Trainee: 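Sharing a structure with you now.
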Amino acid sequence: MSQDSARVEQAALESDKEGNPVLALMRTSVGRNAGLVVALLLIVVVGVITAGEQFASVDNGLTILRAASVIGVVSIGMTFVIIGGGIDLSVGAIAALASVWSTTVATQTMAEDTHWLVIVGVAMAVALACGLINGLLVAYGPVAPFIATLAMLASARGLAEIIANRRTQIVRVDGFNDFLRGDFLGISVLIWIFALVSVVGWVVLNRTTFGRRTVAVGGNPEAARLAGINVKRHTVMLYVLVGFCCGIAALMITARTTTGSSTHGVLWELDAIGAVVIGGTLLTGGRGTVVGTVFGVLIFQTLFSVFVQNNLSSSAQQVARGAIIVLAVLLQQRLAGSTRTSNTSTRASAPGPTAPPTSVA
Amino acid sequence: MSARPPLRRRFLAGAAATVVTCLALTACTSNDPEDSDDDSNDTTAVSANDDAGDTVTIGFSGPAADHGWLAAINSSAQEAADRYEDIDLQFAEGTNDVNAQIAVVEGFINDGVDAIVLLPSDGAALTEVAIQAMDAGIPVINVDREFSSPFAARTTVLGDNYGMGVSAGTYACGLIEENDISDPVIAEIAGIDALPLTQDRSQGFADALESCGEEVDQRQAAEFTVESGEEVAASLLQAEDKIDIIWNHDDDQGVGVKAAFENAGRDEFFFIGGAGSCNAMDWIEDGSMEATVIYPPTQAADGIKLARLIAQDKGMSDLVQVEVPKRVVLNAPVVSADNVDEYRDLCFES
């Protein structure tokens with residue numbers, strides 16, 4: 001558990017003595033995730049009631065997971081960069097560029113002559129390089145993350161269009177398709193990749209120095225610097241990490257569609273940010289959870305499935321998606337707000353914190 | 001519309017029941033008369049094909065209806081399904097995210113629908129999942145944007161994109177000859193370049209122009225949206241001081257293209273459109289557009305009707321063949337001031 005959320009939990013437990021125990025539980029990270037589980041279950045229940053067996057089938061569950069996997073991997077990366085106080089708008093464009101670059105005739109010929117892992121190597125190299133450029137610009141420019149990654153969004157997609165000549169490139173390397181489109185223990189490899197990335201992401205965030213530093217840098221970069229953390233280098237690493245996730249996602253979407261295209265990944269940045277935010281990660285940085293993000297992704301994808309199963313238009317779904325994001329953020333603010341009040345009430349002698357909760361930590 | 005004489009109504013109804021699509025080889029010009037008929041009760045069956053059969057579940061999915069032509073694709077598909085009480089339409093409306101559309105098709109496979117009508121946001125990207133559906137025994141009817149494998153669809157319905165380019169190019173050649181233009185400057189505003197259909201249109205246009213010794217001098221690609229049309233046309237006008245002929249692939253983006261012409265105060269050229277929106281018909285009538293090439297927005301409706309026939313093991317009653325054809329290519333006629341009245345009823349709002 002991160003220091004910050006541990007502190008919030010501590011505060012929550014202190015206020016428990018006088019406050020409502022349910023509210024207190026909601027303030028802990030376990031409680032927040034429990035709220036997400038309840039939300040997901042509610043959507044599932046609605047799905048089962050309205051669409052019955054078709055919705056509740058194992059096949060439908062796997063369909064939801066397969067679709068969620070691609071955007072899920074991107075969202076895990078996005079979680080880190082947002083906790084670290086940044087944002088990456090270029091995730092979809094990086095994935096598009098990586099998918100195109102790794103499926104050019106030249107790359108595919110090389111892959112056929114040697115090994116299909118060449119495609120993986122090219123996609124990862126391209127995505128990592130894009131991440132590195134983002135990171136260097138943000139850390140040493142310094143360019144605001146919003147602008148640096150916006151620039152990457154435009155130029156990476158443009159470069160993808162140039163390389164692909166705006167055509168869709170079909171993957172003909174059998175080994176690649178066979179592996180990534182295959183199953184392991186009856187479950188799609190894509191889902192396994194998402195699971196693996198999520199677990200590794202959780203461990204890195206909660207059990208490593210890198211994770212603790214990420215929280216520290218996002219919460220208060222100046223304090224982190226004074227504490228001896230090389231904030232700039234860490235920021236670069238965060239964007240490289242997002243690039244890494246984008247590379248994996250690019251390979252996943254390439255396998256799922258058996259194509260590389262400059263039109264892949266359009267608006268992924270918004271899907272990912274949406275999932276991260278409803279998962280309980282603060283957009284201001286300094287606090288967030290990988291588990292919450294996974295639930296955020298699943299909630300959106302399950303919602304999509306419920307709408308499709310019920311023959312409802314995607315326009316209505318967009319409205320619902322917007323409403324859910326707003327509700328989630330409002331709920332978070334209320335929880336964060338009441339934590340602050342309880343802080344003041346339990347430690348009446350301490351100077352009352354006036355800044356938002358992130359700077360309290 | 002309701003003022004039409006009863007005889008013509010009956011003819012249209014009869015035609016609706018039998019001829020929906022025209023093979024490219026036949027010189028048939030009636031596209032889909034259904035659209036012009038608001039009253040659904042007057043469809044008199046002239047073949048057993050329209051009689052209610054086993055109820056079939058048809059899954060339909062298309063790209064996001066972000067321009068008029070695609071909106072018309074959706075609404076005409078829905079109308080075609082509403083017309084038959086034996087169709088249970090699973091309508092998964094639009095998404096431009098291939099990942100989401102794949103999930104939709106996988107959902108159809110899980111649900112075990114009887115047929116799938118698919119207008120893929122990217123033909124190549126949806127090919128594998130369509131093959132999965134076919135392997136699961138579900139016939140897939142591919143509309144408009146073609147898959148990259150012949151195994152992915154039972155039947156393909158598409159407009160004649162190459163033919164559209166040829167029609168526009170041939171018409172342009174005619175204009176050059178009629179008006180005796182020497183060394184004409186010809187411009188082309190294409191749609192989304194990543195789509196094979198755009199490449200086909202441009203190829204047809206280039207080939208037809210070549211036959212009269214001309215070539216495209218300026219070519220830019222927009223994205224079928226009004227906004228992109230305006231942007232691209234504005235820069236095109238900047239690039240060329242004088243243009244003789246402009247072919248714009250798509251009348252939806254044409255609204256933006258037209259706006260750019262007006263903003264720049266330019267009208268020295270012959271403006272040829274594509275698709276056949278109601279706006280284009282209006283412009284042709286008031287003389288601000290020379291012609292447009294039809295690209296029928298009713299192909300998904302055709303797909304639904306064919307899906308029903310395939311799922312019910314029926315053939316097309318106008319063909320001797322027992323089975324529905326593998327490929328149906330719709331004709332791409334040119335609409336100009338001479339024949340705009342005939343095509344008015346087929347236009348779509350954008």
Side-chain angles (χ1 to χ4, degrees), chain A residues 51 53-55 57-71 92 99 160-161 164-172 177 181 190 249 252-268 271 300-301 304-305 307-318, chain B residues 57 59-66 71 74 78 81 88-113 120-132 136 145-149 152 190-196 198-199 221 223:
Chain A
E53 283 173 21
Q54 285 188 346
F55 179 84
S57 69
V58 174
D59 282 341
N60 191 47
L62 290 176
T63 298
I64 293 173
L65 282 174
R66 269 198 301 273
S69 294
V70 184
I71 196 70
S99 85
E161 285 174 3
N165 199 13
R166 302 191 79 171
R167 309 209 172 175
T168 303
Q169 302 172 159
I170 299 168
V171 181
R172 303 192 190 281
N177 287 336
R181 296 181 61 79
L190 297 183
M252 292 166 84
I253 192 72
T254 303
R256 198 161 147 74
T257 62
T258 64
T259 60
S261 166
S262 57
T263 56
H264 283 342
V266 172
L267 294 185
W268 274 7
D271 289 344
F300 280 139
Q301 202 60 48
F304 176 76
S305 177
F307 272 75
V308 170
Q309 297 271 350
N310 284 301
N311 248 346
L312 294 171
S313 77
S314 56
S315 315
Q317 187 213 337
Q318 299 287 67
Chain B
T57 307
F60 173 76
S61 170
D66 52 12
N74 285 343
Q78 187 84 59
D88 170 18
L89 186 69
Q90 292 279 322
F91 194 85
E93 201 200 319
T95 166
N96 286 338
D97 180 357
V98 284
N99 190 33
Q101 200 174 21
I102 288 172
V104 165
V105 177
E106 286 175 344
F108 288 152
I109 299 173
N110 294 340
D111 296 352
V113 296
S121 52
D122 180 327
L126 268 290
T127 299
E128 281 304 318
V129 76
I131 290 176
Q132 271 172 33
R145 301 178 186 176
E146 234 184 320
F147 295 138
S148 56
S149 159
I192 299 174
D193 247 351
L195 300 175
T198 299
Q199 296 150 21
E223 284 159 4

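Basis for what follows: all heavy atoms, side chains included, without hydrogens, waters or symmetry-related copies. In what follows, every chain begins at residue 1, and chains take the letters A, B, ... in the order their sequences are listed. A quick note: this is a predicted structure, and the numbers were derived from the prediction, not measured.
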Trainee: Who are the ring-ring contact (aromatic ring centres under 6.0 Å, His included) partners of B:F147, not counting sequence neighbours?
Mentor: none
Trainee: Mind listing the closest non-hydrogen atom pair of B:A124 and A:T258 along with its distance?
Mentor: O-OG1, 4.2 Å
Trainee: Examine whether an atom of B:Q101 lies under 4.5 Å from a heavy atom of chain A, and if so say whether it belongs to the side chain, the backbone or both; otherwise answer neither.
Mentor: neither
Trainee: Kindly compute the distance separating NE2 (A:H264) from CG (B:D122), expressed to the nearest 0.5 Å.
Mentor: 7.0 Å
Trainee: I'd like to check the side-chain contact (heavy atoms from CB on, under 4.5 Å) partners of A:A67; sequence neighbours left out, ordered by chain and number.
Mentor: A:R256, A:Q301, B:N99, B:A103
Trainee: With a 4.5 angstrom heavy-atom cut-off, could you sort out which part of A:T259 is near chain B: side chain, backbone, both or neither?
Mentor: side chain
Trainee: Go through B:N74, B:V98, B:I102 and name the one with the most non-hydrogen pairs under 4.5 angstrom from chain A.
Mentor: B:I102
Trainee: Answer whether the closest heavy-atom distance between the side chains of B:D97 and A:L267 falls below 4.5 Å.
Mentor: no
Trainee: Would you mind checking which part of B:D111 comes under 4.5 Å of any heavy atom in chain A, side chain (CB onward), backbone (N, CA, C, O), both or neither?
Mentor: both
Trainee: In terms of heavy-atom proximity below 4.5 Å to chain A, should B:A100 be classed as side chain, backbone, both, or neither?
Mentor: both
Trainee: Please flag which part of B:L89 lies under 4.5 Å from any non-hydrogen atom of chain A: side chain, backbone, both or neither.
Mentor: backbone
Trainee: Mind checking the CD1-OG1 spacing from B:I192 to A:T263? Nearest 0.5 Å is all I need.
Mentor: 8.5 Å
Trainee: Ignoring hydrogens and angles, tell me if any N or O in the side chain of A:D59 forms a donor-acceptor pair with the backbone of B:N110 under 3.5 Å.
Mentor: no
Trainee: Do A:V266 and B:N96 have side chains that get closer than 4.5 Å, going by heavy atoms?
Mentor: no
